[in-house]
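Okay, structure first, notes after.
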Amino acid sequence: MMSQTNDNTPKVRTRFPPSPTGALHIGGARTALFNWLFARHHGGQMVMRLEDTDQKRSKQEYVESIISAMTWLGLDFDEGPFYQTKRMDRYKEVVQQMLANGTAYWCHCSPEEVQAKRDAAMASGGKPMYDGTCREKGLGPADGAVVRFRGPCEGVTAFNDLVKGPISFDNKELDDLVIQRSDGTPTYHLAVIVDDIDMAITHVIRGDDHVSNTPRQIQLIRALGMEPPLYAHIPMILGPDKKKLSKRHGAAAVIEYEDMGYMPESMLNALARLGWSHGDQEVFSRDELIELFDLDAVGRSAAVFDIAKLNALNHKYIQSAEPKRLMELLPPFLAKRGITDYDAAVLEKALPELVARTENLIMLAEWAEPYLVADPEMDPKAVSKVLQKEGAAQALDAVAALVREIGAEDTGAMDAAFHKLAEDMGVKMGQIAQPVRVALTGRTASPGIFEVMAILGSEAVLNRLERAKDFAA
RNA sequence: GUCCCCAUCGUCUAGCCAGGUCCAGGACACCGGCCUUUCACGCCGGCGACACGGGUUCAAAUCCCGUUGGGGACGCCA
């Protein structure tokens with residue numbers, strides 16, 4: 001159904017049209033992703049458009065934050081960003097055209113009058129709609145007048161939604177909506193359809209909160225003698241309480257996840273799996289997503305965004321990431337811990353031992369710290385629980401001797417030496433390894449002790465062993 | 001209120017369109033075990049769902065109707 005089978009079929013062009021009244025949220029990002037994937041999969045294009053006609057709420061800083069969130073996710077666009085506020089003349093022109101061909105009319109009803117009629121309709125059990133008072137009056141422009149669409153009163157407006165299937169609305173349910181405000185600016189519906197047509201959009205992929213907007217937009221487009229694009233309404237994303245995802249649910253802005261230590265590839269993967277699937281596959285690279293994504297595998301029901309799943313994915317991605325990739329993502333997180341000057345070679349050596357233990361970049365930085373600073377902070381609990389125990393000082397001395405003899409870098413030999421030492425001292429491995437671990441890292445948890453020694457190198461190991469004796473009993 | 005949409009484990013979902021291979025599969029989470037010098041990783045196992053009621057059919061998670069529940073829309077917001 002979606003494949004482009006003949007040359008007359010226009011090339012796929014999708015659009016992502018956020019209104020710059022806030023940061024890019026999970027839901028918007030998923031919409032952007034689906035539009036982007038669909039366009040990329042079909043070798044088409046995505047255009048970026050900013051629906052900023054609400055000049056009170058739209059801000060340039062939001063434009064920048066939305067685009068930077070998209071950049072973080074790697075969602076680029078082929079055209080734009082276009083600003084609706086820069087296309088006002090065009091919208092006015094279209095309104096004039098509709099006024100001229102009779103598909104729109106001037107309405108002099110005041111907002112208060114209209115609202116009163118709506119309330120009355122609602123009170124008597126009907127749908128709150130404009131009653132068409134000015135529809136046949138043949139009025140002209142006036143102070144405070146708006147322009148309304150002259151919608152069909154009979155029949156149905158139907159469309160075949162690419163994810164939900166056939167949907168139809170009785171035209172009686174649709175009232176004559178305002179297309180131009182009294183200040184001369186266009187309303188949302190008018191601006192959207194003009195843009196979708198002018199920008200040659202072939203597929204409108206958006207949240208299913210727009211389903212009921214669709215018949216009106218189709219009518220508007222037809223009133224201009226044009227054919228509407230195809231529509232695909234994707235299910236909404238809900239919070240854990242099954243309500244529309246919002247700030248109440250904690251981090252909803254995509255960009256916050258960057259600061260929380262998530263890799264963009266994790267986020268992309270998690271977003272893709274919300275409402276879309278490919279059999280039992282859970283992990284997808286960007287390229288796989290492009291290759292496999294299509295609208296027919298998009299589900300119809302709303303999905304709850306589960307942070308635990310994102311965590312699991314992030315863990316997986318960190319674990320399988322190239323050290324190089326991690327090293328380019330890590331500096332900001334290290335800097336937050338005050339670590340700006342460190343030996344990159346040590347970090348690179350440590351990384352493979354650390355990744356299995358962390359599910360985000362914040363944790364990774366935390367785990368990396370003891371290897372990157374000269375005197376890692378000693379956890380008081382670790383000191384009292386391990387270092388200040390009977391035999392800890394002797395173990396430290398014995399290990400120092402081993403290091404001088406074998407060198408901390410020879411993991412295999414050190415392993416053997418530790419076992420022999422434990423046997424000679426008549427203690428369990430843990431009674432040697434734990435004091436050494438605390439001495440070397442300041443903590444009770446770390447990678448394997450031999451790996452830790454190899455990462456640090458003989459010199460640092462000896463220094464730390466010596467230093468730890470001050471803490472030992 | 002009216003209209004529209006949706007309904008499989010706690011969560012994301014496969015299966016549904018082309019009914020039997022499904023006493024429903026995977027992933028995350030959770031629980032237990034193994035591994036083990038710590039913390040993890042990993043591995044093995046467990047718990048756990050077709051919203052309800054009718055119908056069609058030899059046979060329904062799959063098709064139809066209804067009920068219930070949820071969501072959305074009904075702006076001179078987008």
Side-chain angles (χ1 to χ4, degrees), chain A residues 17-19 21 51-54 56-58 84 107 109-111 114-115 118 121-129 144-148 161 164-165 167-170 172-175 177-183 185-189 191-192 207-216 233 235-236 238 240 242-244 270 273-283 296 299-313 315 319 353-359 367 382 386 415 418-419 422 428-434 436-438 441 443-450 452:
Chain A
S19 73
T21 53
E51 308 206 328
D52 57 349
T53 55
D54 183 344
K56 285 185 287 290
R57 296 196 301 142
S58 298
Q84 289 188 327
C107 168
C109 297
S110 72
V114 174
Q115 188 55 47
R118 261 197 283 271
M122 187 93 96
S124 64
K127 196 168 185 168
M129 300 199 297
V146 299
V147 177
R148 285 184 186 273
D161 194 280
K164 290 178 186 291
I167 298 177
S168 69
F169 289 80
D170 224 314
K172 284 195 289 286
E173 298 293 331
L174 279 10
D175 64 355
L177 78 168
V178 172
I179 57 176
Q180 185 178 86
R181 300 183 186 106
S182 53
D183 66 1
T185 59
T187 58
Y188 164 72
H189 290 287
V192 164
D208 69 9
D209 47 339
H210 284 287
V211 168
S212 48
N213 288 332
T214 305
R216 348 194 56 140
H233 289 98
M236 313 223 68
L238 278 19
K242 305 250 183 187
K243 302 276 183 212
K244 202 169 178 176
R273 285 287 289 102
L274 276 180
W276 175 81
S277 63
H278 181 71
D280 284 341
Q281 190 171 343
E282 297 286 346
V283 179
D296 52 14
R300 290 160 302 269
S301 49
V304 172
F305 178 69
D306 183 13
I307 191 88
K309 196 112 184 185
L310 210 215
N311 288 337
L313 272 171
H315 176 246
Q319 217 175 158
E353 298 299 331
L354 268 20
V355 289
R357 286 157 235 268
T358 62
E359 66 182 20
W367 275 83
V386 178
D415 191 338
F418 260 62
H419 279 91
K428 287 186 176 168
M429 268 290 279
Q431 289 177 264
I432 300 172
Q434 279 306 84
V436 173
R437 187 184 321 281
V438 175
T441 66
R443 308 172 184 184
T444 52
S446 83
I449 195 63
F450 311 122
V452 170

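Residue numbering restarts at 1 for every chain, and letters A, B, ... go by the order of the sequence lines. Values below: every heavy atom of this structure, side chains too, minus hydrogens, waters and symmetry copies. Computed from a prediction, not measured in an experiment: that's the story for all the values here.
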Worksheet entry | Separation between the C1' atoms of B:G26 and B:G48, rounded to whole Å | 14 Å
Discussion item. Taking B:G75 as the reference, what is the distance to B:G70 when you measure between their C1' atoms (whole Å, please)?
Written reply: 24 Å
Worksheet entry | C1' atoms of B:C16 and B:A24, separation to the nearest Å | 12 Å
Worksheet item: Do any side-chain nitrogens or oxygens of A:S446 fall under 4.0 Å of OP1 or OP2 in B:C39?
Response: no
Practice prompt. Remember a base hit wins even if backbone is also touched, and classify A:C107 as base, sugar-phosphate or nothing at under 4.0 Å, heavy atoms.
Written response: nothing
Discussion item. Under 4.0 Å, counting only non-hydrogen atoms across every strand here, what does A:Y188 touch: a base, just sugar-phosphate, or nothing?
Written reply: base
Practice prompt. Using both distances under 3.5 Å as the test, list the Watson-Crick or G-U wobble partner of B:A73, or none.
Written response: B:U2
Discussion item. Using a 4.0 Å heavy-atom cut-off, does A:G448 contact any base of the nucleic acid, only the sugar-phosphate backbone, or nothing at all?
Written reply: base
Discussion item. Tell me if the side-chain of A:D208 makes a donor-acceptor pair with the base of B:G72, cut-off 3.5 Å, by modelled atom types.
Written reply: no
Item to complete: Using a 4.0 Å heavy-atom cut-off across all strands, classify A:S182 as base, sugar-phosphate, or nothing.
Response: base
Discussion item. What's A:I449 touching, base or sugar-phosphate or nothing? Going by heavy atoms closer than 4.0 Å.
Written reply: base
Practice prompt. Mark yes or no for a side-chain to base donor-acceptor pair under 3.5 Å between A:R437 and B:U37, with no hydrogen or angle criteria applied.
Written response: yes
Discussion item. Taking any heavy-atom pair under 4.0 Å as a contact, classify A:H189: base, sugar-phosphate, or nothing.
Written reply: base
Discussion item. Using a heavy-atom cut-off of 4.0 Å across all strands, would you classify A:E282 as base, sugar-phosphate, or nothing?
Written reply: base
Discussion item. Measuring only the P atom in each nucleotide, how far is B:C52 from B:A60? A whole number of Å is fine.
Written reply: 15 Å
Practice prompt. Measure the shortest side-chain to side-chain distance between A:K309 and A:E282 over non-hydrogen atoms and say whether it is less than 4.5 angstrom.
Written response: yes
Practice prompt. Whole angstrom is fine here: how far is it from NZ in A:K309 over to P in B:U13?
Written response: 9 Å
Worksheet item: Within the structure shown, what part of the strands sits under 4.0 Å from A:K164 by heavy-atom distance: base, sugar-phosphate, or nothing?
Response: sugar-phosphate
Worksheet entry | Flag for A:D415-A:H419: side-chain donor and acceptor within less than 3.5 Å | yes
Fill in: Gap in Å between the two C1' atoms, one belonging to B:G69 and one to B:U8, rounded
16 Å
Worksheet item: Please give, in whole Å, the distance from B:C12 C1' to A:L310 CG?
Response: 12 Å
Worksheet entry | Side chains of A:V386 and A:R437 in contact at under 4.5 Å (non-hydrogen atoms) | no
Worksheet, complete the sentence: Rounded to whole Å, CD of A:E359 lies from C1' of B:A29 at a distance of 12 Å
Discussion item. I'd like to know if the side chain of A:R216 and the backbone of A:D175 have a donor-acceptor N/O pair within less than 3.5 Å.
Written reply: yes
Discussion item. Could you tell me how far apart A:F305 (CZ) and B:U11 (C1') are, to the nearest whole angstrom?
Written reply: 12 Å
Practice prompt. Check whether any side-chain nitrogen or oxygen of A:R118 sits under 4.0 Å from OP1 or OP2 of B:G75, and answer yes or no.
Written response: yes
Worksheet item: So which one's nearest nucleotide on RNA chain B is more toward 5', A:A302 or A:N213?
Response: A:A302
Worksheet item: Phosphate oxygens OP1/OP2 of B:A78: is one of them under 4.0 Å from a side-chain N or O of A:T53?
Response: yes
Discussion item. Quick check on B:C41: syn or anti? Syn means the glycosidic torsion is within 90 degrees of zero.
Written reply: syn
Worksheet item: Is any side-chain N or O of A:R357 under 3.5 Å from a base N or O of B:C39, one able to act as donor and the other as acceptor?
Response: yes
Worksheet item: Taking the side chain of A:S301 as heavy atoms from C-beta outward, which of B:C74, B:U8, B:A78 is closest to it?
Response: B:U8
Worksheet entry | Sub-4.5 Å side-chain heavy-atom contact between A:V438 and A:Q434 | no
Discussion item. So A:S19 and A:D54, do their side chains get closer than 4.5 Å, heavy atoms only?
Written reply: no
Item to complete: Have a look at A:S168 and say if it touches a base, only the backbone sugar-phosphate, or nothing, with a 4.0 Å heavy-atom cut-off.
Response: sugar-phosphate
Worksheet item: Given the P atoms of B:C28 and B:C22, what is the spacing between them in whole Å?
Response: 23 Å
Worksheet item: Should A:L310 and A:F305 count as side-chain neighbours, where that means a heavy-atom distance under 4.5 Å?
Response: yes
Worksheet item: So, is A:R181 close to the B:A78 phosphate, meaning a side-chain N or O under 4.0 Å from OP1 or OP2?
Response: yes
Fill in: For B:A40, the Watson-Crick or wobble counterpart (both distances under 3.5 Å)
none
Worksheet item: To the nearest angstrom, how far is A:Q431 atom CD from B:U37 atom P?
Response: 13 Å
Worksheet entry | Atom pair distance, as rounded to whole Å: CD1 in A:I179 and P in B:A78 | 14 Å
Worksheet item: Heavy atoms under 4.0 Å, any strand shown: does A:S277 hit a base, just sugar-phosphate, or nothing?
Response: sugar-phosphate
Discussion item. Pick the closest RNA chain B nucleotide for A:W367 and for A:P17 by heavy atoms, then say which residue is nearer the 5' end.
Written reply: A:W367
Worksheet item: Expressed in whole Å, how much space separates the C1' atoms belonging to B:A51 and B:A61?
Response: 12 Å
Discussion item. Checking contacts here: which listed nucleotide (B:G1, B:A78, B:C16) is nearest the side-chain heavy atoms of A:R300?
Written reply: B:C16
Worksheet item: What does A:P235 touch in the nucleic acid at a heavy-atom separation under 4.0 angstrom: a base, only the sugar-phosphate, or nothing?
Response: nothing
Discussion item. Under a 4.0 Å threshold between the charged nitrogen and the carboxylate oxygen, would A:R181 count as salt-bridged to A:D183?
Written reply: no
Discussion item. Checking contacts here: which listed nucleotide (B:C74, B:C39, B:C41) is nearest the side-chain heavy atoms of A:P128?
Written reply: B:C74
Discussion item. Roughly how many Å apart are B:A27 and B:A14, using the C1' atom of each and rounding to a whole number?
Written reply: 11 Å
Discussion item. Distance check, rounded to the nearest 0.5 Å: A:Q180 atom CD versus A:T187 atom OG1?
Written reply: 9.0 Å
Worksheet entry | A:V436 and A:F450, any side-chain heavy atoms less than 4.5 Å apart | no
Worksheet item: With both distances under 3.5 Å as the test, what is the Watson-Crick or G-U wobble partner of B:A14?
Response: none
Practice prompt. Consider the side chain of A:D54, meaning its heavy atoms from C-beta on, and name the nucleotide among B:A73, B:C4, B:C77 that approaches it most closely.
Written response: B:C77
Fill in: Sugar-phosphate, base or nothing in reach of A:S19, heavy atoms under 4.0 Å
sugar-phosphate
Item to complete: Please report, rounded to the nearest Å, how far the P atom of B:U36 is from the CZ atom of A:F418.
Response: 18 Å
Fill in: Options B:G26, B:C12, B:U37, nucleotide nearest the side-chain atoms of A:L274
B:C12
Discussion item. When both hydrogen-bonding distances must be under 3.5 Å and the geometry is Watson-Crick or G-U wobble, what is B:C52 paired with, if anything?
Written reply: B:G66
Discussion item. Any base atoms under 4.0 Å from A:G165, or only sugar-phosphate, or nothing? Heavy atoms, all strands.
Written reply: nothing
Worksheet item: What does A:V304 touch in the nucleic acid at a heavy-atom separation under 4.0 angstrom: a base, only the sugar-phosphate, or nothing?
Response: sugar-phosphate
Worksheet item: How close or far is atom P of B:U13 from atom CZ of A:R273, stated in whole angstroms?
Response: 7 Å
